Amino acid sequence: MTTLHLVLGDQLTRSLSALDGFDPAHDIVLMMEVADETTYVPHHKQKIAFILSAMRHFAHELETEGLRVDYVKLDAPDNTGSFTGEIARAVAKHKATRIIVTEPGEWRVWDAMRNLSQQFGVPVEIRDDDRFFCSRARFARWAEGRKSYRMEFFYREMRRETGLLMEGDEPAGGQWNFDHDNRKSLPASVRVPQRARFEPDAITQEVMALVEKRLPDHFGSLETFGWAVTRTDALEALTYFIDVCLPSYGDYQDAMKQNEPFLFHSIISPYLNCGLLGAREVCLATELAWKKDKAPLNAVEGFIRQVLGWREYVRGIYWRHMPDYADGNALGASRPLPQFFWSGNTRMNCVSQVVRETRDNAYAHHIQRLMVTGNFALLAGIRPAEIEAWYLAVYADAYEWVELPNVHGMVMFADGGLLASKPYAASGAYIDRMSDYCSSCAYDVKLKSGPKSCPFNRLYWHFMIENAEALARNPRMAMPYRTLSKMSDERRAEITREARAFLDTMDDDTPSAQQAQLDL
Ligand code: FAD
Ligand code: DLZ
Ligand code: SF4
């Protein structure tokens, strides 16, 4: 009587529910590297190498502990290339009579797993993923009867339920929210901490060579690979964050700086999402830093809000509304994704910086994702499915359950306001306030029209004009629409003309194309 216990690439946690009750005498852990997962979007090379290397290290740890692991490598001769194909082979090979799996993180994989039993004629048990604070059922109870959701109310319930940063029934420090203190730009005098790279070991190097050989055209560079691929190293990264970066995390949470991709962020999302770190342990560790006076409350609350609040909230929305959630396009956005999202080849310095850092690191921090590339995609009216596929491909932490609500809901407002009460649309002034990008840009952030004016300024008002029907009645959009109503017809016509001219030629907005025009 052999039971197959599946461990997927984002389930690398020893206490995973699928491993409960594992019987070393009879049972087998099945782990599969499969072509389907590496290519369903053109994942960044670092993302693939990170996941496969972390999987191989995790399998090795299980084996060292005495568990039998059937580990299928990507280049194994009989590898069928899909989860279902590999499970079918393993069921036959081990004469398995039962399959156990923890609920997969993505809807498409969960859908495939729930049909396995019928396909193979063996019972399949799908267990809850208890690595999250809020189960799917718990979120459904919270969401019941609400037409739209607001993170703040969900988060307060989670704080009460977990007791994190609580003093009795009251929030620590008498306040739930320190966002107001957490919007500082970065003064030039503040030194940004160095980040250590984890040197690729033999296993990682083998995986990197495999990725380079099989997927040479995927986005991104492997040269700068420095991710932790074991729990021990991921814990080291967490400790460094808490000791060195956390005290300033709150203050500079929204800041951006030229050539400084990490600032005071934790850079632990890939580890949390693949299971090397747990959400509870990182929240408790940061809370402890506050209790020991090693980090201020605005920093620790700001961090816990992201993990206990936003992370659980977006997952709840994903599972409550999939598979239909992905289909919406409330603003009817229809423009194709420009090439410079892959090349970084644009004169907009902010966009170019974020794309190039993304290519080098498979990472950008939240405000870069939301207010630079995201804001641009929103203002330019990029087709939601295209920009969603981009975000899913390019970041080491990207899995659909967390990427989709952030992009579809928070960035593109494609869900019509289910996740956020208003679109995060902003002109160049926001980017100028929160970064030093504008001072080295070919465009002038102070100009609102003309060929040298910042494209974010031109596109901002065009976005408001184009989407007036959907947005003008939103009370949180009252201010921009009041300003718009005072603009003359001529000014509106000029905005539309200039924005369209930019949008129609934006892929030619490269330094070399501009030079070619000057040379004519
Ligand atoms: P920190 O700033 O140090 O934050 C700590 C942790 O909080 C993160 O590790 C992450 O687990 C969590 N967190 C913070 N913000 C969010 C959020 N909005 N949603 C969910 N969790 C959050 N995060 C992903 O993990 N995967 C994604 O695919 C992803 N796609 C995104 C796409 C867009 C357009 C936007 C705006 C945000 C996206 N995020 C995503 C959220 C956030 O940008 C990243 O979690 C964060 O940048 C990761 O870096 P960090 O670990 O240094 O974060
Ligand atoms: C992202 C990813 C990649 C690139 N490769 C694999 C893989 O070969 N095997 C695997 O088990 N998981 C991989 N993953 C992560 C999966 O896509 C992830 O487990 C599912 O999306 C969860 O539903
Ligand atoms: Fe970005 Fe505009 Fe600033 Fe250039 S001027 S960096 S395009 S916000």
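Sequential numbering from 1 along the given sequence is applied to the chain's residues. One-based numbering, in listed order, for ligands and for the atoms of each. Below, all heavy atoms of this structure are taken into account, side chains as well, without hydrogens, waters or symmetry copies. On a predicted model such as this, the values are computed, not experimentally measured, just so you know.
- Salt bridge status for Arg89 with Asp70: absent, with no side-chain N to carboxylate O gap under 4.0 Å.
- Those atoms of ligand 1 with a heavy atom of Val407 less than 4.0 angstrom away are 32 (C), 34 (C).
- Ligand 1 does not have Tyr313 within reach: every non-hydrogen atom of the residue lies 4.0 Å or more from it.
- Interface atoms of ligand 2 facing Leu52, defined by a heavy-atom separation under 4.0 Å, are 8 (O).
- For atom 14 (C) of ligand 1, the candidate residues are Gln306, Arg369, His365, Met412; the nearest heavy-atom contact is made by Gln306.
- Arg108 counts as a contact of ligand 2, since one of its heavy atoms falls under 4.0 Å from the ligand.
- For atom 45 (O) of ligand 1, the closest heavy atom belonging to the protein is Ser269 CB, 4.1 Å.
- Listed by number with element, the atoms of ligand 2 under 4.0 Å from a non-hydrogen atom of Pro104 are 23 (O).
- Considering each of His366, Glu400, Met151, the one bringing a non-hydrogen atom nearest atom 41 (C) of ligand 1 is His366.
- Listed by atom number, the atoms of ligand 2 under 4.0 Å from Glu106 heavy atoms are 21 (O), 22 (C), 23 (O).
- Close approach to Val34 involves these atoms of ligand 2, each under 4.0 Å from a residue heavy atom: 7 (C), 8 (O).
- When the heavy atoms of Asp397, Leu392, Val394 are ranked by distance to atom 26 (N) of ligand 1, first place goes to Asp397.
- Between Tyr391 and ligand 1, no pair of N/O atoms sits closer than 3.5 Å.
- Residue Lys184 qualifies as enclosed at atom NZ: its count of foreign heavy atoms under 6.0 Å is above 12.
- Not close to ligand 2: Trp401, with no non-hydrogen atom less than 4.0 angstrom away.
- Taking every heavy atom of Ile267 and a limit of under 4.0 angstrom, the matching atoms of ligand 1 come to 50 (P), 51 (O), 52 (O).
- At least one N/O-N/O distance between Glu37 and ligand 2 falls below 3.5 Å.
- Heavy atoms of Gln11 stay at 4.0 angstrom or farther from ligand 2.
- Around atom 1 (Fe) of ligand 3, the protein contributes the following N, O or S atoms at distances under 2.8 Å: Cys350 SG.
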